[in-house]
Amino acid sequence: MEAKIGKFFDSVTGFFGGGDHIPWCDRDVIAGCEREVADSTNGGSEELKSECIMRLSWALVHSRQAEDIQRGIAMLEVVLEPYAATSPSLCWFSSLESSSSPLQKREKLYLLAVGYYRSGEYGKSRQLVEQCLEIAPDFRQALTLKKTVEDRIAKDGVIGIGITATAVGLIAGGVAAALARKK
(Lines give C-alpha, C1' and ligand atoms only; values in the text may rest on other atoms or scores of the structure.)
Protein backbone atom coordinates (compact mmCIF):
# COMPACT_ATOMS: atom_id res chain seq x y z
CA MET A 1 0.00 0.00 0.00
CA GLU A 2 2.83 2.40 0.90
CA ALA A 3 4.51 1.67 -2.43
CA LYS A 4 1.33 2.60 -4.32
CA ILE A 5 0.99 5.84 -2.37
CA GLY A 6 4.66 6.63 -3.01
CA LYS A 7 4.20 6.01 -6.75
CA PHE A 8 1.13 8.22 -6.75
CA PHE A 9 2.98 11.11 -5.07
CA ASP A 10 5.98 10.62 -7.38
CA SER A 11 3.73 10.82 -10.44
CA VAL A 12 1.98 13.95 -9.13
CA THR A 13 5.34 15.55 -8.32
CA GLY A 14 6.67 14.61 -11.77
CA PHE A 15 3.55 15.97 -13.44
CA PHE A 16 3.73 19.38 -11.78
CA GLY A 17 7.50 19.59 -11.41
CA GLY A 18 8.47 19.14 -15.04
CA GLY A 19 10.95 16.31 -14.77
CA ASP A 20 12.69 16.74 -18.12
CA HIS A 21 16.12 15.20 -18.64
CA ILE A 22 17.75 18.15 -20.39
CA PRO A 23 20.91 19.27 -18.59
CA TRP A 24 21.35 22.69 -17.03
CA CYS A 25 24.40 24.92 -17.29
CA ASP A 26 25.91 27.23 -14.66
CA ARG A 27 26.98 30.86 -15.09
CA ASP A 28 30.66 30.01 -14.61
CA VAL A 29 30.56 27.62 -17.59
CA ILE A 30 28.94 30.36 -19.70
CA ALA A 31 31.62 32.84 -18.61
CA GLY A 32 34.32 30.33 -19.59
CA CYS A 33 32.73 29.84 -23.01
CA GLU A 34 32.51 33.61 -23.50
CA ARG A 35 36.26 33.86 -22.74
CA GLU A 36 36.95 31.08 -25.26
CA VAL A 37 35.01 32.93 -27.96
CA ALA A 38 36.85 36.18 -27.20
CA ASP A 39 40.22 34.39 -27.29
CA SER A 40 39.39 32.58 -30.53
CA THR A 41 38.50 35.83 -32.31
CA ASN A 42 42.00 37.14 -31.59
CA GLY A 43 43.91 35.18 -34.19
CA GLY A 44 42.29 31.76 -33.95
CA SER A 45 41.27 29.65 -36.92
CA GLU A 46 37.72 29.73 -38.28
CA GLU A 47 37.22 26.14 -37.12
CA LEU A 48 38.24 27.05 -33.56
CA LYS A 49 35.90 30.08 -33.59
CA SER A 50 33.06 27.90 -34.79
CA GLU A 51 33.66 25.31 -32.07
CA CYS A 52 33.83 27.98 -29.36
CA ILE A 53 30.65 29.66 -30.56
CA MET A 54 28.80 26.33 -30.62
CA ARG A 55 29.93 25.62 -27.04
CA LEU A 56 28.74 29.07 -25.97
CA SER A 57 25.40 28.51 -27.74
CA TRP A 58 25.02 25.18 -25.96
CA ALA A 59 25.80 26.75 -22.58
CA LEU A 60 23.39 29.65 -23.12
CA VAL A 61 20.35 27.58 -24.13
CA HIS A 62 20.98 25.20 -21.21
CA SER A 63 21.16 28.05 -18.67
CA ARG A 64 18.68 28.55 -15.84
CA GLN A 65 18.62 32.30 -16.59
CA ALA A 66 15.95 33.44 -19.06
CA GLU A 67 18.17 36.21 -20.44
CA ASP A 68 20.95 33.71 -21.22
CA ILE A 69 18.49 31.43 -23.00
CA GLN A 70 17.26 34.39 -25.08
CA ARG A 71 20.87 35.30 -25.97
CA GLY A 72 21.47 31.71 -27.07
CA ILE A 73 18.31 31.68 -29.18
CA ALA A 74 19.23 35.01 -30.80
CA MET A 75 22.75 33.77 -31.51
CA LEU A 76 21.52 30.56 -33.13
CA GLU A 77 18.80 32.32 -35.14
CA VAL A 78 21.35 34.75 -36.54
CA VAL A 79 23.63 31.85 -37.42
CA LEU A 80 20.84 30.06 -39.25
CA GLU A 81 19.88 33.19 -41.21
CA PRO A 82 21.59 33.59 -44.59
CA TYR A 83 22.37 37.28 -44.03
CA ALA A 84 24.33 36.74 -40.80
CA ALA A 85 27.76 37.06 -42.42
CA THR A 86 26.86 40.38 -44.07
CA SER A 87 26.22 42.25 -40.83
CA PRO A 88 29.37 43.99 -39.58
CA SER A 89 28.26 43.83 -35.96
CA LEU A 90 27.89 40.06 -36.23
CA CYS A 91 31.08 39.27 -38.11
CA TRP A 92 32.25 36.70 -35.58
CA PHE A 93 29.17 34.60 -36.43
CA SER A 94 30.44 34.15 -39.98
CA SER A 95 32.54 31.18 -38.89
CA LEU A 96 29.39 29.32 -37.87
CA GLU A 97 27.40 30.52 -40.87
CA SER A 98 29.99 29.18 -43.29
CA SER A 99 29.69 25.67 -41.84
CA SER A 100 26.70 24.16 -43.56
CA SER A 101 27.15 20.40 -43.23
CA PRO A 102 24.00 18.47 -42.31
CA LEU A 103 25.55 17.47 -38.98
CA GLN A 104 26.23 21.08 -38.03
CA LYS A 105 22.78 22.22 -39.16
CA ARG A 106 21.28 19.40 -37.08
CA GLU A 107 23.18 20.57 -34.02
CA LYS A 108 22.10 24.19 -34.50
CA LEU A 109 18.45 23.22 -34.95
CA TYR A 110 18.60 20.99 -31.88
CA LEU A 111 20.11 23.73 -29.70
CA LEU A 112 17.53 26.21 -30.96
CA ALA A 113 14.78 23.70 -30.11
CA VAL A 114 16.23 23.33 -26.59
CA GLY A 115 16.27 27.12 -26.22
CA TYR A 116 12.64 27.45 -27.25
CA TYR A 117 11.68 24.58 -24.94
CA ARG A 118 13.43 26.26 -22.02
CA SER A 119 11.70 29.56 -22.80
CA GLY A 120 8.28 27.89 -22.87
CA GLU A 121 7.65 28.12 -26.62
CA TYR A 122 6.82 24.44 -27.01
CA GLY A 123 5.19 24.64 -30.44
CA LYS A 124 8.24 26.30 -31.96
CA SER A 125 10.50 23.83 -30.17
CA ARG A 126 8.56 20.89 -31.59
CA GLN A 127 8.73 22.34 -35.11
CA LEU A 128 12.52 22.77 -34.88
CA VAL A 129 13.12 19.33 -33.40
CA GLU A 130 11.08 17.83 -36.24
CA GLN A 131 13.29 19.68 -38.76
CA CYS A 132 16.30 18.29 -36.91
CA LEU A 133 14.88 14.76 -37.17
CA GLU A 134 14.36 15.20 -40.92
CA ILE A 135 18.12 15.60 -41.19
CA ALA A 136 18.97 12.79 -38.75
CA PRO A 137 15.97 10.56 -37.91
CA ASP A 138 17.93 8.49 -35.40
CA PHE A 139 19.36 11.43 -33.39
CA ARG A 140 18.57 10.22 -29.85
CA GLN A 141 18.84 13.59 -28.13
CA ALA A 142 16.34 15.06 -30.58
CA LEU A 143 14.00 12.09 -30.17
CA THR A 144 14.15 12.54 -26.39
CA LEU A 145 13.53 16.29 -26.70
CA LYS A 146 10.59 15.66 -29.03
CA LYS A 147 8.99 13.33 -26.48
CA THR A 148 9.69 15.83 -23.68
CA VAL A 149 8.12 18.68 -25.69
CA GLU A 150 5.07 16.61 -26.62
CA ASP A 151 4.62 15.51 -22.99
CA ARG A 152 4.83 19.14 -21.89
CA ILE A 153 2.30 20.25 -24.50
CA ALA A 154 -0.07 17.48 -23.37
CA LYS A 155 0.48 18.38 -19.69
CA ASP A 156 -0.22 22.05 -20.35
CA GLY A 157 -3.39 21.02 -22.18
CA VAL A 158 -4.55 18.93 -19.21
CA ILE A 159 -3.80 21.79 -16.80
CA GLY A 160 -5.66 24.21 -19.08
CA ILE A 161 -8.68 21.93 -19.21
CA GLY A 162 -8.58 21.61 -15.42
CA ILE A 163 -8.46 25.36 -14.96
CA THR A 164 -11.31 25.85 -17.42
CA ALA A 165 -13.42 23.16 -15.73
CA THR A 166 -12.77 24.74 -12.34
CA ALA A 167 -13.75 28.18 -13.62
CA VAL A 168 -16.95 26.81 -15.19
CA GLY A 169 -17.74 24.98 -11.94
CA LEU A 170 -17.24 28.14 -9.88
CA ILE A 171 -19.43 30.17 -12.22
CA ALA A 172 -22.16 27.52 -12.21
CA GLY A 173 -21.95 27.30 -8.40
CA GLY A 174 -22.20 31.08 -8.15
CA VAL A 175 -25.24 31.17 -10.43
CA ALA A 176 -26.88 28.31 -8.51
CA ALA A 177 -26.22 30.06 -5.19
CA ALA A 178 -27.64 33.33 -6.55
CA LEU A 179 -30.78 31.56 -7.80
CA ALA A 180 -31.20 29.75 -4.47
CA ARG A 181 -31.02 33.10 -2.61
CA LYS A 182 -33.73 34.63 -4.77
CA LYS A 183 -36.16 31.85 -3.93
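- Residues L60 and G72 share a closest heavy-atom pair of CB-CA, 3.7 Å.
- Under 4.0 Å is where a charged nitrogen must lie from a carboxylate oxygen, and between K147 and D151 at least one such pair does.
- The two atoms that bring I69 and S63 nearest to each other are CD1-O, 3.3 Å, heavy atoms only.
- Using a 4.5 Å cut-off between side-chain heavy atoms of Ile, Leu, Val, Met, Phe, Trp and Tyr, with links allowed through other members, L143 and L103 fall into different hydrophobic clusters.
- Residues L56 and E36 have side chains not in contact (no heavy-atom distance under 4.5 Å, counting atoms from C-beta outward).
- Closest approach of A113 to L145, counting heavy atoms only: CB-CD2, 3.7 Å.
- Judged by distance alone, the side chain of S40 and the main-chain N or O of V37 form a donor-acceptor pair under 3.5 Å.
- Follow the hydrophobic side-chain contacts under 4.5 Å out from L48 and you never reach M75; the two are in separate clusters.
- Contact between A59 and V29 at its shortest, heavy atoms only, is CB-CG1, 4.4 Å.
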Next item on the list: Show the numbers, then the answer: is there a salt bridge (charged side-chain N to carboxylate O under 4.0 Å, His left out) between E34 and R55?
Entry: CA-CA 9 Å; E34 288 171 335; R55 278 195 294 274; over 6 Å; no
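- Under a 4.0 Å N-O distance rule, the pair E46/K49 qualifies as a salt bridge.
- A donor atom on one side chain and an acceptor atom on the other are found under 3.5 Å apart for S101 and Q104.
- Remark: side-chain polar atoms of R118 are paired, donor with acceptor, to backbone N or O of I22 under 3.5 angstrom.
- Taken from CG in L133 to CD in Q141, the straight-line distance is 11.5 Å, to the nearest 0.5 Å.
- Of all heavy-atom pairs spanning I73 and L112, the tightest one is O-CD1, 3.7 Å.
- Annotation: the span from W58 atom CH2 to I30 atom CD1 amounts to 9.5 Å, rounded to 0.5 Å.
- K108 NZ to L128 CG: the interatomic distance, rounded to the nearest 0.5 Å, is 14.0 Å.
- Of all the heavy atoms in S57 and L111, the pair that sits closest is CB-CD1, 4.3 Å.
- Between the NE2 atom of H62 and the CH2 atom of W24 there is a distance of 9.5 Å, given to the nearest 0.5 Å.
- In this structure, CD on E47 lies 10.5 Å from SG on C52, to the nearest 0.5 angstrom.
- A salt bridge between R27 and D68 is present, with a side-chain N of the basic residue lying under 4.0 Å from a carboxylate O of the acidic one.
- To the nearest 0.5 Å, atoms CZ (F139) and CG (L109) are separated by 10.0 Å.
- In terms of modelled atom types and a separation under 3.5 Å, the side chain of S125 and the main chain of E121 share no donor-acceptor contact.
- When side chains are defined from C-beta on, E150 does not count as touching Y122, because their heavy atoms never get closer than 4.5 Å.
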